[in-house]
Amino acid sequence: MDYVTMLLPPMLKGWTVTLQLFFMTLVLAMPIGILMGIARLSPIKPLAWFMEFYVWLFRGTPLLLQLLFIYFGLMTVGLRMERFSAALLAFVLNYSAYLAEIFRSGIQSIDQGQYEAAEVLGLSRRQTMSKIILPQVYKRVLPPIGNEVINLVKDSALIYVLAIAELLRVAKTAVMRDGTFAGFIMAAAFYLLMTAVVQQFFKWLESRFDYYR
Amino acid sequence: MYMLQALDIHKRFDHLEVLKGVSLQVNKGEVISIIGPSGSGKSTFLRCLNRLEKIDKGFIEIEGEVMAENDAHGRARYVDEKDVARLRRKMGMVFQNFNLFPHKSVIQNLTLAPTLVQQVDQGEAETVARQLLEKVGLSHKADNYPFELSGGQQQRVAIARALAMNPDILCFDEPTSALDPELTGEVLRVIHDLALERRTMIVVTHEIGFAREVSDRVIFMDDGLIVEQGSPEEVLTNPQQERTKSFLGTVLSAW
């Protein structure tokens, strides 16, 4: 028990780094993902193609590789980024791609009749998107988004390769140093706590959208 | 002046020629029913009138203003987007599948477009919406959501929603085809009431009895063309064309 209380402060510190990455990625990747999802369906073909290429690139390579590439790769061409910024950039680029796909499929799942009804009522394209289509998309994409957010909690551990002192790295250091497994168990507890909160949050969100079908 | 004039409308989807030169002139206050077998092009024709489908060739004029006409190569060209939008707003549309906005309550379905498009203020839009709901017999459902309503009720809301934009011409695309038989009556009654108000309406329908009762003119379409038109008496009781007779034969014997 004493060991746990001793380990707790550094773990909490690592945890705040994990949380920072988590929230900043979400706040940035969510709107970018929505815009990219819309762009993927744009009648402007080059834009749609570019988005398709982008999604292929970032879904088609390991996030770990992207992390290394952005930090070390850019360093070799003289672009030196701060570790955390590099990690955040990789995460935002990667998660935007996944979210874009979710929003794209969500938008496409809305019945054509909704567009037509908005059209004959005289709504502009922008109004149709913001007032009619997207509000319905949000409800439909909640479950897959919930999945992605849970993945994000766990993927955050990957940034340990950039020697950033996030939760898992702190745990690993302690395990190596003290020869006991307790650090890993505590880390697992932190992750489970985070995913539990995310899961409950999405359950609540989904219930908020229950008022219509 | 015609409320709406469509001349020699041609439309093809890939290799399928759906409309092969259809013309229609609609007078103010006239109620027109378009009947015909499925695949005859009647719904497509209706959708062409308010540009839900773009025509390939032909001429469309609404209240004396051109919306589309042929260029030198005989291909239809629409006037600029702003004018098209303005002209389209003179027409209301009721769909087979209602297409209510599921995330909006009944009253919000009615007030959305007036407030967004016509900049009517919210309070006024709601007053008008409540009057319209009263008219279609659904005042008590104002705060419900579409999924809580029966098909017939949803379609009546859709009619009220179209009316909320105060259109000069109201188009119905098979308004009862998605309904259970016992629910068609309530919708047809509402359309019937609108006909009594001398609203200009174009109704694509399978309901021959209804067409007979409400229409000033019945149009029979088959294979992308108008085969026969005239008063309900002329077309439905004493059809001249073989194709009209055989269509009415199959439809009426199915009753």
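Every chain is numbered from 1, with letters handed out A, B, ... down the list of sequences.
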Results of ring-ring contact (aromatic ring centres under 6.0 Å, His included) for A:Phe201 - residues two or more places apart only
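Testing A:Phe201 for ring-ring contact (aromatic ring centres under 6.0 Å, His included), a comparison that skips the adjacent residues, returns A:Trp204.
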
- Which pair of heavy atoms, one from B:Phe101 and one from A:Ala117, lies closest together, and at what distance?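 Heavy atoms of B:Phe101 and A:Ala117 come nearest at CE2-CB, 3.9 Å.
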
Taking all heavy atoms of A:Leu123 and all of B:Ala113, pick out the closest pair and write down the distance.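 Looks like CD1-CB, 4.0 Å.
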
Could you list each donor and acceptor atom pair linking chain A to chain B at less than 3.5 Å?
{"residue": "A:Gly113", "atom": "O", "partner": "B:Asn99", "partner atom": "ND2", "Å": "3.3"}
{"residue": "A:Gln114", "atom": "NE2", "partner": "B:Leu100", "partner atom": "O", "Å": "2.8"}
{"residue": "A:Glu116", "atom": "OE1", "partner": "B:Arg47", "partner atom": "NH1", "Å": "2.8"}
{"residue": "A:Glu116", "atom": "OE2", "partner": "B:Arg47", "partner atom": "NH1", "Å": "3.4"}
{"residue": "A:Glu116", "atom": "OE2", "partner": "B:Arg47", "partner atom": "NH2", "Å": "2.6"}
{"residue": "A:Glu119", "atom": "OE2", "partner": "B:Arg88", "partner atom": "NH1", "Å": "3.1"}
{"residue": "A:Glu119", "atom": "OE2", "partner": "B:Arg88", "partner atom": "NH2", "Å": "2.8"}
{"residue": "A:Lys131", "atom": "O", "partner": "B:His103", "partner atom": "NE2", "Å": "2.8"}

**Asked** Does A:Tyr160 OH have over 12 foreign heavy atoms under 6.0 Å away?
**Response**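 No, because the 6.0 Å sphere around OH of A:Tyr160 holds 12 heavy atoms or fewer from other groups.
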
Tell me if the CZ atom of A:Phe72 is crowded by more than 12 foreign heavy atoms within 6.0 Å.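 Yes.
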
Portion of B:Leu112 that has a non-hydrogen atom of chain A nearer than 4.5 angstrom: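 For B:Leu112, the contact with chain A is made by the side chain alone.
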
Q: Show your working on side chain to side chain contact (heavy atoms under 4.5 Å, CB included) between B:Leu52 and A:Val120 and close with a plain yes or no.
A: CA-CA 8 Å; B:Leu52 276 175; A:Val120 297; 3.8 Å; yes

